[in-house]
There are 2 protein chains.
Amino acid sequence: MDNLLSNLKIKVSDGLFQIDPFTSKLGKSIIFHSVEMITELGFEKFTFKKLGESIGSPEASIYRYFKSKNQLLCYLISWYWGWMECRLILEIANISSPIVRLEKSIALVLSNTNENLLIEEVEVYKLHQITISESIKTYLNKDVDNSNKEGAFLNYKQFVERVSKIINEINPDYKFPQMLLTTIFEGAHLQVFFGEHLPRLTNKQNAPDYITKFYINLALQSINS
Amino acid sequence: MDNLLSNLKIKVSDGLFQIDPFTSKLGKSIIFHSVEMITELGFEKFTFKKLGESIGSPEASIYRYFKSKNQLLCYLISWYWGWMECRLILEIANISSPIVRLEKSIALVLSNTNENLLIEEVEVYKLHQITISESIKTYLNKDVDNSNKEGAFLNYKQFVERVSKIINEINPDYKFPQMLLTTIFEGAHLQVFFGEHLPRLTNKQNAPDYITKFYINLALQSINS
DNA sequence: GCAAATATAATAGTATTACTATCATTTTGA
DNA sequence: TCAAAATGATAGTAATACTATTATATTTGC
């Protein structure tokens, strides 16, 4: 997989940066260290000043790449869904059964790479964790309509779109594929978080992949009924 | 309903305030105006300074009631779930069928009072909107374990607990009531938000209560299978 | 009805955040 | 090699999220 993906450039909407970070050393460093730092501190306590210190560059230089820390978060999350779409395509290629393809799509959203895979300076393991706790902050705010215009959610929409087509292969009459999928994807992330911090809000099991199985069942029951 | 509820005092964990706001005029004013202001500005742009100006009291006075704007948000959201539990109890009293009780529980989470009902200085219509866009911010952060210790999520847990008991009446062997319910409650809020701002991530229908029906079906299919 | 306790107002101050601006220096690439 | 672009160094600003202090109301318990 690494080899295949190392030839890919994940497309991120150009409204999500001022200068494409992958065109320079500093840009790549911003990406690498921001993933590290947001994972460690959480988005609220993460600042460009701290980021600058850890990179060894002044704050002002970071602002040349991203106009705000919000834009940077949107960039990272968008990159994540772009990368997930790549993984999805590889994962379900040559699988004829749409049910199996759907199962694999849902499993993918909950899977994390074990090794700390580094793609385009992005530690994808950590970015997965960031997506779980921080991604909703890209849209649950009063600037959502602007972010939307800047293309912040295109990659996520495209991912959802691709999987909803699989749902309509299974049942062409199913009316709520996007609704079902965002319920599942966002719900899945939340259950991971609850499992760690608020166990009374979930049903943690020792069985591996119990969250995945739960959501696969939920999806298939809903689609086939 | 108003009459019944006007005799109730919604219980909020005392880790969520410094001074109980309902014991003074200023406290009540903080509650009333913060609901107004968070609805209007969103949580990020809401500040104690602006709140103080609109109340006509200095910032420092507000800090005597709530040690941070985060604590205030936790208070409001907790109050919301306390209030929702009261509504739930009234709503499902004397209904023998657990299926109907479950349906009503889910419908309740998506329902908003039409009139701008004022309970204990809380405009509940606006607080419902705040819950949709801001409630996850009470826990998706690095302070979650502390907030949890302070009782920030007790009312929500209790609400979920109460409804999960209904699920286990329907099917005593069902293993994932909390997981199903938080998926539904959080998902339901999200679909409302997507319907307004990111329609490609949902399936907005003209039919009234389509979100409610979707989640009721989802629940019943999952529980009965 | 009055003193004491308590709540509030008025004001000031601090460290940090989220930026913007300017100019010198280094890197790059045609 | 020379100009353009990127970066570094430095400074500055308005706002945020608080804390502290002291004076003035207001409440309350006796």
Side-chain angles (χ1 to χ4, degrees), chain A residues 14-34 37-38 40-76 121 134 137-138 141-143 146-147 150, chain B residues 14-34 37-38 40-76 121 134 137-138 141-143 146-147 150:
Chain A
D14 59 14
L16 299 184
F17 51 79
Q18 311 300 109
I19 301 169
D20 182 348
F22 290 113
T23 59
S24 76
K25 207 176 161 187
L26 176 60
K28 286 175 198 163
S29 192
I30 290 170
I31 297 301
F32 179 85
H33 285 92
S34 65
M37 201 166 255
I38 295 172
E40 205 185 324
L41 301 178
F43 186 62
E44 283 76 19
K45 284 167 194 150
F46 163 79
T47 69
F48 277 7
K49 186 159 188 224
K50 291 173 192 163
L51 179 60
E53 279 159 16
S54 101
I55 291 175
S57 278
E59 220 183 335
S61 295
I62 298 165
Y63 280 97
R64 292 208 195 84
Y65 285 84
F66 297 99
K67 68 181 176 193
S68 66
K69 70 173 193 164
N70 240 291
Q71 192 186 40
L72 173 55
L73 182 64
C74 287
Y75 182 94
L76 293 175
E121 298 301 310
E134 316 292 353
K137 296 172 193 170
T138 58
N141 59 57
K142 294 279 178 186
D143 297 322
N146 272 326
S147 306
E150 290 170 344
Chain B
D14 60 14
L16 300 183
F17 52 78
Q18 311 300 108
I19 300 168
D20 182 348
F22 290 112
T23 59
S24 77
K25 207 175 161 187
L26 176 60
K28 286 176 197 161
S29 192
I30 290 170
I31 296 302
F32 179 85
H33 285 92
S34 65
M37 201 166 256
I38 295 173
E40 205 185 323
L41 301 179
F43 186 62
E44 283 76 19
K45 284 166 193 152
F46 162 80
T47 70
F48 276 7
K49 188 164 187 214
K50 292 173 192 164
L51 179 60
E53 278 158 17
S54 101
I55 291 175
S57 278
E59 219 185 337
S61 295
I62 297 165
Y63 279 98
R64 289 209 308 280
Y65 285 84
F66 297 99
K67 69 180 174 192
S68 65
K69 72 172 191 164
N70 239 294
Q71 191 185 40
L72 173 54
L73 182 64
C74 286
Y75 183 95
L76 293 175
E121 297 301 308
E134 317 292 353
K137 296 172 193 172
T138 59
N141 59 56
K142 294 280 178 185
D143 296 323
N146 272 326
S147 306
E150 289 170 345

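No experiment lies behind these values; they were computed from the predicted model shown. Chain naming here is simple, since letters A, B, ... match the order of the sequence lines and numbering starts at 1 in each.
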Nearest to side-chain heavy atoms of A60(A), which nucleotide of dA10(C), dA21(C), dC19(C): dA21(C)

Residue whose nearest DNA chain C nucleotide is more 5′ - Y63(A) or L26(B): L26(B)

Contact under 4.0 Å: T47(A) side-chain N or O vs dT16(C) OP1/OP2: no

Integer-rounded Å distance: dT7(D) C1' and I55(A) CD1: 12 Å

Short side-chain N/O contact to dT8(C) OP1/OP2 from Y65(B), under 4.0 Å: yes

Sugar-phosphate only, base, or nothing, as touched by K45(B) at under 4.0 Å among non-hydrogen atoms: nothing

Value in whole Å for how far the P atom of dA15(D) lies from CG of L51(B): 18 Å

Between dT16(C) (P) and E44(A) (CD): distance, integer Å: 18 Å

Neighbour count above 12 (heavy atom, 6.0 Å) for K49(A) NZ: no

Shortest non-hydrogen separation from L73(B) to K137(B) and the atoms involved: CD2-CB, 4.3 Å

Atom-to-atom span, CZ of F66(A) to P of dT7(D) - whole angstrom: 12 Å

Parallel, tilted or perpendicular, as decided by the 30° and 60° cut-offs, for the rings of Y75(B) and F17(B): perpendicular

dT27(C) OP1/OP2 closer than 4.0 Å to side-chain N/O of K25(A): no

Partner of L72(A) under side chain to side chain contact (heavy atoms under 4.5 Å, CB included), chosen from L16(A), I62(A), L51(A): L51(A)

Side-chain N or O of S61(B) closer than 4.0 Å to phosphate OP1/OP2 of dA7(C): no

Whole angstrom value for the distance that separates C1' of dT17(C) from CG of N70(A): 14 Å

Interatomic distance where CD belongs to Q18(A) and P belongs to dA5(D) [whole Å]: 17 Å

N/O (side chain, R64(B)) to phosphate O (OP1/OP2, dA7(C)) under 4.0 Å: no

Presence of S57(B) side-chain N/O under 4.0 Å of dA9(C) phosphate oxygens OP1/OP2: yes

Spacing between F46(B) atom CZ and dC18(D) atom P, to the nearest angstrom: 11 Å

Phosphate OP1/OP2 of dA18(C): any K69(A) side-chain N/O under 4.0 Å: yes

E59(B) CD to dT16(D) P, straight-line distance once rounded to whole Å: 9 Å

Touch class at under 4.0 angstrom, heavy-atom based, for I19(B) against every strand present: nothing

Atom CD of Q18(A): over 12 foreign heavy atoms under 6.0 Å: yes

